Q: 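Below: one structure in structure tokens.
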Amino acid sequence: MNLDLTWRLLKGAGRKGMLGTWLTLGAVAVSTALLLFAVAANYAFEARADRGAWRNPVPAKEGAVAIEAARFDFVGERAITVVDLAALKNGVHAPPGLPRFPAPGEVWLSPALAELAKELPADQLAKRYPDPKGVLGDEALVYPDELVAVVGHKPDAPEMTAPRSDDWIIGKGPARVADLAGAPSEDSEAYRVLTLIASVLMVVPLLVFGGAAARLTVARRDQRLATLRLVGATPGQVVGMTVAEAAIVALAGALLGTVGYAVAAPLLARIPIAGGPSFVSDLFPSPLILAALLVAVPLLVGLSAVAGLRRVVVSPLGVAKRETPPGMRFLRVIVLLAVLAVFPMLTRGTSAALVAAALGLAFLCVNLAGPWVVGMIGRITARSARAPARLLAGRRLVDDPRSAWRTVSGVALTGFVAGFLGLLSPGVFEDGQAPPQLRISAPAAQGAAVADQARDRLRAAGITASVKATGRSSAPVVVAALGSSADTATIDRARTALAGLVPGRTPTTETDDGRFGIQILSDVRVGTIVVLSVSFLVAIASSGITAASSVLDRRQTYGLLRLAGTPLEVLDRARRAETLIPLTVMGGGAILVGVFCAVPFMIGGMSMVGVLTLVGCVVVGFAGVIAAGALSRPLLRSVTADPAPRPD
């Protein structure tokens, strides 16, 4: 009975009533698509970590079958992962992506590295990995364009016995392993933590937006349901109709958002992060997770709609008479202040889940306190008003602060994200000004001999360089200064000439040694741009949809004001003030809260990039809200052109 009546009311809502339904459907679709992206990003980095685990050897306690080591080589500005393998017995399982375990002397390259070896002159790259036996499959690669080389050795080869640095940023020393399952590397774990934090920053505004979608055109619906209550509908029937209406629309929106995400996934996979783009398949969560999201989204929207029914169920006459709802309590602000007070202690631990939970809690508390602050802003605005538009805006903020908060909450919460990420944005990296030079660690007491060999190799390759051994005799380092005129090709030729000079060691420049730090900070910048883009997309969509919905909700009030002689321009100016005044206060407050939450994670001072990010966010946020509000002005003109009462 409820479904039939709900469907009849949906169909009979009229053209403008159906517009509200379409707005809800669009809001849920956008939320679902972006929610899928936020969730899938975690699964993408998990898949990357699992595929790259075989290169991170875990020493065997007993039953070793192979020796494995890994290091980084470089060509141009790209890193090459080199995996050295030696079997200790016959029949050892092949690494992922290889048809069999590599025999001593065999070299297998990833498709991108094999292609690059063909493109570049042999003395820049190919001579380092001569006569490749074949190419690696996708199972061996973290991302599609990754450069990987697998080299087979005998167990007693110098590459498998010589000690190497235990710094995981440089590589992994030889280890006897029981299998090649390995474990996720330290850098992959770091990326997973950063992705989890980024997801929290995206998911919370999406949940708020999804909840707001359920409350779109709430005034019209409350009036309709209150009328049904007054003519005899039970509270259970009212709740059932509300859940059914919200769930039907939300399910359609969730399916539409899923289709939209599937279409956009190939483009999202091209975002270069952690070294390169992603496999498209990584960006699709498992069917179980997808099914859970398709159930959860309509359920959350339905619950959010039910949460706003208390007045309809308890006091339908009050709703029908348009009585002003009771004010909110200051307790909301106290909760926010309490969470901020303990936030530094909550983030003191090393658990990424705890940090993400604390961040999400602070985020939600900003949303909890927002309506109370908007109501307070309305009282101040109404008391200080000197013009009709400002008075109308102030009175509207006092009468329905929740609705006003929904219009600005997206941008205000994005201010939290901008404040948090803006403070953490890395600065511009300084390019090395010193002439390029390659350095390679030599075995103890062999610095002079290795330097002589390096000098001979470079001379034979036609490269002019000044070679010398530095450091302590127990840990000598051979340095080959290539001169200020050396370009990238010359450096690669020198790398190739020195390849294998010290078994298991790679000649590197100063830039190569800091490559991981440069990479991860660069990825933080990319992640910041992605998170802010998602947040602003949500915020601007939220502002536009809620502004249009607000016009529909109040069309009777607007119509009566027009009949009373209020110019349309005054009504439009009041709408702008109703949005921009709380946005200025709440946006600024949210930025400060975000900056406060970022302080425990801050390393060094705020960079100019962070300041510019914050300023850019403020400008884009205000421009987006003003533009979104302007789009609903034709709708305002339309609903005030014919202010006659409607049957709904």
Side-chain angles (χ1 to χ4, degrees), residues 69-82 84 113 116-117 119-130 147 149 151 157-159 161-171 173 428-519:
R71 60 187 168 88
F72 292 106
D73 192 4
F74 301 92
V75 56
E77 296 181 351
R78 302 182 66 183
I80 305 170
T81 302
V82 182
D84 297 309
L113 182 56
L116 190 60
E119 292 177 1
L120 294 176
D123 61 351
Q124 291 186 26
L125 179 60
K127 286 186 177 179
R128 298 185 220 175
Y129 311 103
L147 305 183
V151 184
E159 287 82 359
T161 57
R164 303 186 190 182
S165 170
D166 57 357
D167 187 348
W168 64 269
I169 294 178
I170 297 176
V428 178
F429 299 109
E430 295 291 339
D431 294 329
Q433 299 298 321
Q437 58 183 15
L438 287 171
R439 297 176 297 177
I440 184 169
S441 300
Q446 297 183 26
V450 172
D452 290 340
Q453 294 175 31
R455 199 174 292 114
D456 293 341
R457 287 191 179 201
L458 292 172
R459 188 183 302 113
I463 300 170
T464 303
S466 173
V467 182
K468 62 180 179 180
T470 63
R472 293 174 285 118
S473 61
S474 59
V477 176
V478 173
V479 179
L482 302 176
S484 57
S485 61
D487 56 9
T488 302
T490 302
I491 296 172
D492 284 337
R493 288 172 55 212
R495 283 195 183 107
T496 304
L498 297 177
L501 177 64
V502 179
R505 305 286 178 86
T506 301
T508 59
T509 65
E510 187 176 358
T511 303
D512 294 336
D513 295 339
R515 187 87 61 180
F516 175 75
I518 295 172
Q519 177 71 60

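Predicted model, so just to flag it, every value in this text is computed and none were measured.
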Q: On a heavy-atom basis, which atom in Ala448 and which in Ala469 lie closest, and how many Å separate them?
A: N-CB, 4.2 Å

Q: Quick check: closest heavy atoms across Ala454 and Leu501, and the distance to 0.1 Å?
A: CB-CD2, 3.7 Å

Q: Are any side-chain N or O atoms of Thr506 and backbone N or O atoms of Phe72, one a donor and one an acceptor, separated by less than 3.5 Å?
A: yes

Q: A side-chain contact here means heavy atoms from C-beta on lying under 4.5 Å apart; do Thr509 and Phe74 qualify?
A: no

Q: To check you understand the geometry: which heavy-atom pair defines the closest contact between Leu125 and Thr496, and what is its length?
A: N-OG1, 3.6 Å

Q: Between atom CD of Gln124 and atom CG of Leu116, what is the distance when rounded to the nearest 0.5 Å?
A: 9.5 Å

Q: Can you list every salt bridge (Lys or Arg N to Asp or Glu O under 4.0 Å) pair that touches residues 489-500, not counting sequence neighbours?
A: Asp123-Arg493, Arg128-Asp492, Asp492-Arg495, Arg495-Asp512

Q: Please report the closest heavy-atom contact between Val467 and Ala480, naming both atoms and the distance.
A: CG2-CB, 4.1 Å

Q: Would you compute the distance between atom CD1 of Ile491 and atom CG of Leu438 and round it to the nearest 0.5 angstrom?
A: 7.0 Å

Q: Do Thr511 and Pro436 have side-chain heavy atoms sitting under 4.5 Å apart?
A: no

Q: Under the side chain to side chain donor-acceptor pair (under 3.5 Å) rule, collect the residues that match up with Thr490, sequence neighbours excluded.
A: Asp487

Q: Minimum heavy-atom separation for Val450 to Pro443, with atom names?
A: CG2-CD, 4.3 Å

Q: I need the minimum non-hydrogen distance between Val478 and Ala442, along with the two atoms involved.
A: CG2-CB, 4.3 Å

Q: Can you measure from OG1 (Thr470) to CZ (Arg439) and round to the nearest 0.5 angstrom?
A: 8.5 Å

Q: Hey, is CD on Glu119 packed in by over 12 heavy atoms from elsewhere, all under 6.0 Å?
A: yes

Q: Can you tell me how far apart CG (Leu113) and OH (Tyr129) are? Round to the nearest 0.5 Å.
A: 6.5 Å

Q: Sequence neighbours left out, what pairs pass salt bridge (Lys or Arg N to Asp or Glu O under 4.0 Å) with at least one residue falling in residues 449-459?
A: Asp452-Arg455, Asp456-Arg459

Q: Flag the pair Asp73 / Leu147 as yes when at least one side-chain heavy-atom distance between them is below 4.5 Å, and no otherwise.
A: no

Q: Hey, could you give me the CD/CD distance between Gln446 and Gln453, rounded to the nearest 0.5 Å?
A: 8.5 Å

